[in-house]
Amino acid sequence: MIKKAVIPAAGLGTRVLPATKSTPKEMLPIVDKPAIQYIVEEAAASGITDILIIISRGKTTVEDHFDRSPELEERLLSGGKTKVYDEITAISNLANITYVRQHTPLGLGHAVLCAKSFIGSEPFAVLYGDDVIIGKNPVCKQLMDAYDKYGLASVGIKEVSPEDIVKYSSMQVERIKDNHYKITDMIEKPSPDKIMSLFSILGRCVLPPEIFGILETLPPGAGGEIQLTDAMKKLAVRDGMTGVDFIGKRYDMGSKLGILQAIVEVGLDHNEIGREFRDYLKQIAVGL
């Protein structure tokens, strides 16, 4: 049973500057919750009990968000706002959350390597801090189930456009059954002549602890960084991996358009303001 997860959240968020100059992109709100809370909630709903968040300098607000806030809690209770009090205190009880700093931005693979002592010899989940994925069945749980079924590392995949595949990764895939695929090769940020398919890893992985030994000896890849994809490629070529064409809507919280899409779509489904927000958007749309 997989109980540990890693959330790499050390990136600078340069694609959404100046908003991220002093506010971590993981703390940008989707209506009334920061993006990273959705990710932690997904992990917790999947059965994860222990989470390590990889942060960098200036991201102490992430730690503060998942900590208790006695002054705020006391104010809410004294004001009779028990519902909000329960919501706030529940945040700190989602999982056992610890933190480690990635002191230099050496890539996603290096960020995951920072979790070696936390993970030990267990398989673990990786939930990318840029990617909020919303659905009834947590994507992390979909991958954990695939790991249990096939005994291989599993990754969340989706088909992307030919224009986008060169920005992500490309997989060599063969369908197993339904939305499960066997992956035997992959490449990070492929040039057009090296595209294997339009399937790319988007935001979620479940990996065996052997990945750390690979990462420790891995030379820098695309962008001069230690690429997690390059390490997973070695696993795929050696043992094969499982790709799960996951069920859920992904929002890229590292892009301005992705942030707006998340706010609008989550807002439309929000139990408090959804109806009013829908009416507002209809009024706006009339004038377009």
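Worth saying up front: this structure is predicted, and the values here are computed from it rather than measured. Excluded from the calculations below are hydrogen atoms, water molecules and symmetry mates; all remaining heavy atoms, backbone and side chain alike, are included.
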Salt bridge (Lys or Arg N to Asp or Glu O under 4.0 Å) partners of [range], not counting sequence neighbours, each pair once:
range            : value
residues 256-278 : Lys249-Glu265
residues 185-195 : Asp185-Lys233
residues 34-44   : Lys33-Glu41, Glu42-Arg204

For the side chain of [X] and the backbone of [Y], is there at least one donor-acceptor N/O pair under 3.5 Å apart?
X      : Y      : result
Thr20  : Thr23  : no
Ser200 : Tyr168 : no
Ser255 : Asp252 : yes

Minimum side-chain heavy-atom gap [X]-[Y] below 4.5 Å:
X      : Y      : value
Leu127 : Val139 : no
Arg101 : Ser56  : no
Ile157 : Val244 : no
Asn137 : Phe246 : no
Leu215 : Val112 : yes
Ile201 : Met186 : yes
Val16  : Ile259 : yes
Pro138 : Ser46  : yes

List the residues meeting ring-ring contact (aromatic ring centres under 6.0 Å, His included) with Tyr251, not counting sequence neighbours, and say none if there are none. none

State, to 0.1 Å, how close Ala125 and Ile2 come at their nearest heavy-atom pair, and which atoms those are. N-CG2, 4.2 Å

Shortest non-hydrogen contact between Ile133 and Leu202, atoms and distance: CD1-O, 4.0 Å

Spatial distance of atom OG1 (Thr61) from atom CD1 (Ile36) [nearest 0.5 Å]: 9.5 Å

With rounding to the nearest 0.5 Å, note down the distance linking CD1 in Ile263 to CG in Leu268. 12.0 Å

All pairs passing ring pair (Phe, Tyr, Trp, His ring centres under 6.0 Å) where residues 113-166 contributes a residue, at least two apart: Phe124-Phe212, Tyr150-His180

Does anything in residues 40-89 form a ring pair (Phe, Tyr, Trp, His ring centres under 6.0 Å)? List the pairs, not counting sequence neighbours. none

Mind checking salt bridge (charged side-chain N to carboxylate O under 4.0 Å, His left out) for Lys116 and listing every partner two or more places apart, or none if nothing turns up? Glu216

Among residues at least two apart in sequence or on other chains, which ones pass side chain to side chain contact (heavy atoms under 4.5 Å, CB included) with [X]?
X      : result
Thr49  : Lys3
Asp239 : Leu152, Leu235
Ser197 : Ser170, Met171, Val173, Phe199
Glu122 : Lys4

For Glu159, I'd like to know if atom CD has over 12 heavy atoms of other residues, nucleotides or ligands within 6.0 Å. yes

Using links of under 4.5 Å between side-chain heavy atoms of ILVMFWY residues, direct or through other members, which residues join Leu260 in one cluster? none

Hey, is Asp145 close enough to Lys149 for a salt bridge, meaning N to O under 4.0 Å? no

